[in-house]
2 protein chains.
Amino acid sequence: MTHISRKTIARVFLYIRTLDTLIRQKRNLISSKELARIVGVTDAQIRKDISNFARIGRPGIGYNTQELKDTLEEFVLQHNCVKLVLFGVGNLGTAILQYPGFQKNKIKIIAAFEKKEEKIGSVINGVRVYAAKDAPRIIAQKKADIGIIAVPERASQEVADMLVLSGLKGIVNFAPTTIAVPRNVMVKDIDFSIEFLSLFCNACM
Amino acid sequence: MTHISRKTIARVFLYIRTLDTLIRQKRNLISSKELARIVGVTDAQIRKDISNFARIGRPGIGYNTQELKDTLEEFVLQHNCVKLVLFGVGNLGTAILQYPGFQKNKIKIIAAFEKKEEKIGSVINGVRVYAAKDAPRIIAQKKADIGIIAVPERASQEVADMLVLSGLKGIVNFAPTTIAVPRNVMVKDIDFSIEFLSLFCNACM
DNA sequence: TCATATTTGTGAAATTTGTAACGAATGAAA
DNA sequence: TTTCATTCGTTACAAATTTCACAAATATGA
């Protein structure tokens, strides 16, 4: 199979999310045109994205929602569940722990880590909070996939270094600073300030 | 001035963030090469981005950090402060209200709105929580720029409709669903599930 | 002064990404 | 059966974005 770009994969998850809703509404069929209208891309884009994975559309008819969803999920997730570890149980960390939008069979937060003594040992929404120093052991033991950095800016590089040493291959960084990692580790930065500011800038120009 | 793309603007804010740090460290000069290394892009990219706005680099020397930061900020913000309104004072909404990373002179949350009676009237981190029905009036009165949707999925479209009617030109949507808005309203979707899943997918392929 | 080492700004080339268009497949209706 | 309206999958095209590469500018040191 040819290489699939990061942008395509993000769109595929959008399609899956929408198909989920359609399936719950008992919709069996959908055309690229209508799916495009819902998710806000062009129909050609949808067909092209899907054609990376399969040929399951029927001309004149469209796609079977369940079949399409299953096919896309098979390719992007391969029946895996993503195992996350969270660093920093402050306001944002707690919000992530209690986020109701995770589909439990696809995303699971397996441990949280925190420096502050008073939070260690507590359980938030079913997730235990450990001391930061125990992280490498627990990450290896439970075979985590992705680390979430929700600690203050000054601690973010230190946490990132530890995540890399623990063998994680992906990091989502909510701290408002660039973290340095080896080329083979993927980082997704989410800086609320930059999201708000750049949207404002786009909306005004 | 020629049109500046969304991606370029997001990078410019990254540069500004990094320059801020350098200035605090009393660094006066920086080359495109070193800035590139810090933020993780190529030096050519940096020079090209900057050249959209000004010609203030000196060959053989580099850029003056303060001058570069001021110039970039002048173009992307024009001395404005972004005024945000927040919808939904749940876990995520509260985390955003208490987020310590906003530079107060650039970003200000001017009001929060919530349906649940018990939260209305409270003040969180200096921001007052109003009843959702008062939103249009307050948005118009205080001239808000951007709306943040941090309500449950089922209420997100309703809130989006109201934001559009209130005249906002930008929406950051944290609800895990696509919202329908007129073409002239800019939307930035941040779906935690999709961010985590697609990073996982990228890291594994 | 002159050679050398940096580093910018920019036009051209390369790459990536998205769009358009069309043949082929399908079903519905006359 | 034939026609018509849909819709897919794919190829060719267009647009956007990034990288390359080099002249020009600057500083340094012999």
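The chains referred to below are lettered A, B, ... by the order of the sequence lines, with proteins before strands, and numbering in each begins at 1. Quick note: numbers below take in every heavy atom, side chains included, and nothing from hydrogens, waters or symmetry partners. Nothing here was measured: the structure is a model prediction, and the numbers come from that model.
Relative to the side chain of A:S51, the nucleotides D:dG9, C:dT10, D:dT17 differ in distance, and D:dG9 lies closest. For A:R55, counting side-chain heavy atoms from C-beta on, the closest listed nucleotide (D:dC8, C:dG18, D:dG9) is D:dG9. Closest approach to the A:S5 side chain among C:dT17, C:dA21, D:dT17 is made by C:dT17 (side chain taken as heavy atoms from C-beta onward). The side chain of A:S31 approaches D:dT7 more closely than any other nucleotide in the set C:dG18, C:dA21, D:dT7.
For A:Y63 and D:dT6, the shortest distance from a side-chain N or O to OP1 or OP2 is not below 4.0 Å. Phosphate proximity of D:dT18 to B:R11: present, with a side-chain N or O under 4.0 Å from OP1 or OP2.
With rounding to whole Å, A:H3 atom NE2 is found 12 Å from C:dT16 atom C1'. D:dT26 atom C1' lies 17 Å from atom CD1 of B:I56, rounded to whole Å. We find that CZ of A:R37 is positioned 12 Å from P of D:dT7, with the value rounded to whole Å. Taking atom CG of residue A:N52 and atom C1' of nucleotide D:dT10, one finds them 12 Å apart after rounding to whole Å. A:K33 has its NZ atom 7 Å from the P atom of D:dT6, to the nearest Å. Here D:dT19 presents its P atom at 11 Å from CD1 of B:I46, a figure rounded to the nearest Å. The CG-P distance, from B:D43 to D:dT19, rounds to 10 Å in whole Å. Rounded to whole Å, atom C1' of D:dA16 lies 13 Å from atom CD of A:Q45.
Put simply, the side chain of B:K48 and the base of D:dT19 share a donor and an acceptor less than 3.5 Å apart.
Centroid-to-centroid, the aromatic rings of B:F87 and B:Y130 stay 6.0 Å apart or farther.
Considering only heavy atoms from C-beta on, A:L197 comes within 4.5 Å of B:I107 through its side chain. Counting heavy atoms from C-beta on, the side chains of A:I56 and A:Y63 come closer than 4.5 Å.
Annotation: B:K83, atom NZ; neighbour count of heavy atoms from other residues, nucleotides and ligands within 6.0 Å is above 12. At most 12 non-hydrogen atoms from other residues, nucleotides or ligands lie less than 6.0 angstrom from NZ of B:K115. Within 6.0 Å of NZ on B:K104 lie more than 12 heavy atoms contributed by other residues, nucleotides or ligands.
Here the CD1 atom belonging to A:I190 is positioned 9.0 Å from the CG atom belonging to A:L92, to the nearest 0.5 angstrom.
Across all strands shown, B:S32 has heavy atoms under 4.0 Å from sugar-phosphate atoms exclusively, and none from any base.
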TODO: Classify every nucleotide of nucleotides 23-30 of chain C by which part a protein heavy atom approaches to under 4.0 Å, writing B for the base, S for the sugar-phosphate alone and - for neither, in 5'-to-3' order.
DONE: --BBS---
